[in-house]
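Bear in mind that the values here come from a model prediction, so they are computed numbers and not experimental data. Only this structure's heavy atoms are used, side chains among them; waters, hydrogens and symmetry mates stay out.
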Amino acid sequence: FVVNIVRIFMLYIQCRDDACSAQTRKCLRSADGWLFFGHSDEAFKELDFVPEADNYLPIVLLARNRILIELKQWRTVANLCLSALEKYPDCDEFFVQRCFALRKMGRREMASDTISAAPEILKATGVIYYNVACYEARFGDTEIARDYLRRAIEANHYMEVNAMNDPDLRALYDTCP
């Protein structure tokens, strides 16, 4: 009996949870726990208990998208991110999630356009490239992940230190020639 457990570790610049209620934080922690153990349906159920006032906060929308990513609901993720970006254009993770979903749908040009449209700070710090690399590696596309990681390190050499210890990028090191 072997259990494969993969967690999503990302670098978040904004989109923090300090703006939401204690109830919402509890729901998010519970949803993360269910997701950690691969129970996406249970994770979604936890989000049903988020108070109405917090339902459209970035941290809640991102949690919902992470579950949809696990379920490979690429079109829904891409559309939800597009809507969220209208309201939260500086939230880096919506760009990352949209780019990743578009890539998985085979919409590579739209994915590139999404990165191009990201705020300059996200490109200059390398965060958007780093996070796309994490998603790609996590879902098995190590060649593309290496390319995005290279871009992240070119933008910010400190990303290399993070990459060496990031479990999402382990596949890159396990497949090195």
Side-chain angles (χ1 to χ4, degrees), residues 5-105 107 110-111 113-139 148 152 155-156 159 162 166-168:
I5 299 175
V6 179
R7 289 188 73 178
I8 297 176
F9 291 100
M10 295 288 174
L11 296 176
Y12 293 101
I13 290 181
Q14 305 198 7
C15 303
R16 296 177 19 202
D17 72 350
D18 57 356
C20 64
S21 68
Q23 173 67 26
T24 297
R25 283 192 297 277
K26 179 182 176 206
C27 292
L28 292 173
R29 282 192 306 271
S30 295
D32 281 343
W34 284 115
L35 194 58
F36 179 87
F37 288 108
H39 298 282
S40 303
D41 292 337
E42 294 300 323
F44 259 130
K45 288 178 188 174
E46 291 295 335
L47 296 183
D48 289 342
F49 296 104
V50 170
E52 184 66 31
D54 288 352
N55 256 330
Y56 296 99
L57 291 175
I59 195 78
V60 176
L61 296 172
L62 291 170
R64 196 172 311 281
N65 277 349
R66 283 198 321 269
I67 297 167
L68 290 166
I69 286 169
E70 289 299 316
L71 294 171
K72 297 178 170 62
Q73 299 292 318
W74 309 127
R75 184 174 315 283
T76 304
V77 171
N79 290 337
L80 288 175
C81 287
L82 186 60
S83 295
L85 283 167
E86 290 175 12
K87 188 168 183 177
Y88 305 107
D90 293 329
C91 190
D92 67 309
E93 192 61 17
F94 291 124
F95 285 98
V96 173
Q97 289 178 345
R98 179 165 168 74
C99 176
F100 181 70
L102 289 168
R103 289 189 56 72
K104 290 302 176 188
M105 292 167 48
R107 310 291 301 271
M110 284 181 75
D113 291 347
T114 298
I115 288 178
S116 296
E120 286 304 315
I121 188 72
L122 298 180
K123 293 182 272 188
T125 60
V127 169
I128 192 163
Y129 304 123
Y130 185 89
N131 285 346
V132 172
C134 287
Y135 271 119
E136 293 290 355
R138 200 166 161 272
F139 280 84
Y148 278 105
N156 179 349
M159 291 292 182
N162 285 338
D166 192 323
D168 280 342

Measuring from atom [atom1] of [X] to atom [atom2] of [Y], what distance do you get when rounded to the nearest 0.5 angstrom?
{"X": "L28", "Y": "C20", "atom1": "CG", "atom2": "SG", "value": "6.0 Å"}
{"X": "I128", "Y": "E120", "atom1": "CD1", "atom2": "CD", "value": "10.5 Å"}
{"X": "K72", "Y": "S40", "atom1": "NZ", "atom2": "OG", "value": "9.5 Å"}
{"X": "L68", "Y": "L61", "atom1": "CG", "atom2": "CG", "value": "11.0 Å"}
{"X": "F94", "Y": "L82", "atom1": "CZ", "atom2": "CG", "value": "11.5 Å"}
{"X": "N79", "Y": "R98", "atom1": "CG", "atom2": "CZ", "value": "7.0 Å"}

What are the two closest non-hydrogen atoms of [X] and [Y], and how far apart are they?
{"X": "A78", "Y": "A101", "answer": "N-CB, 3.9 Å"}
{"X": "C91", "Y": "P58", "answer": "SG-CB, 4.3 Å"}
{"X": "L47", "Y": "A63", "answer": "CD1-C, 4.2 Å"}
{"X": "C81", "Y": "Q97", "answer": "SG-CB, 3.5 Å"}
{"X": "P119", "Y": "F95", "answer": "CD-CE1, 3.3 Å"}

If we count only N and O atoms by modelled type, under 3.5 Å, do the side chains of D166 and Y130 hold a donor and an acceptor together?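 There is such a pair (donor and acceptor under 3.5 Å, judged by atom type) between the side chains of D166 and Y130.
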
Any chance the side chains of D54 and S21 put a donor and an acceptor closer than 3.5 Å?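 Yes.
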
Aromatic ring pairing F139/F100, orientation class (parallel under 30°, perpendicular over 60°, tilted between):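 Ring orientation, 0 to 90° scale: tilted.
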
How are the rings of Y148 and Y129 set relative to one another: parallel (under 30°), tilted (30 to 60°) or perpendicular (over 60°)?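 Ring orientation, 0 to 90° scale: parallel.
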
N131 side-chain N/O to V96 backbone N/O, donor-acceptor pair under 3.5 Å: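 No.
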
Any heavy-atom pair between the side chains of [Y] and [X] that's under 4.5 Å?
{"X": "N55", "Y": "R64", "value": "yes"}
{"X": "E46", "Y": "D32", "value": "no"}
{"X": "Y135", "Y": "C99", "value": "no"}

Report the residues that fulfil side chain to side chain donor-acceptor pair (under 3.5 Å) with R107, sequence neighbours left out, ordered by chain and then residue number.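 Applying side chain to side chain donor-acceptor pair (under 3.5 Å) to R107 gives none.
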
Restricting to ring-ring contact (aromatic ring centres under 6.0 Å, His included), what partner residues turn up for W34, sequence neighbours left out?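 W34 satisfies ring-ring contact (aromatic ring centres under 6.0 Å, His included) with H39 only.
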
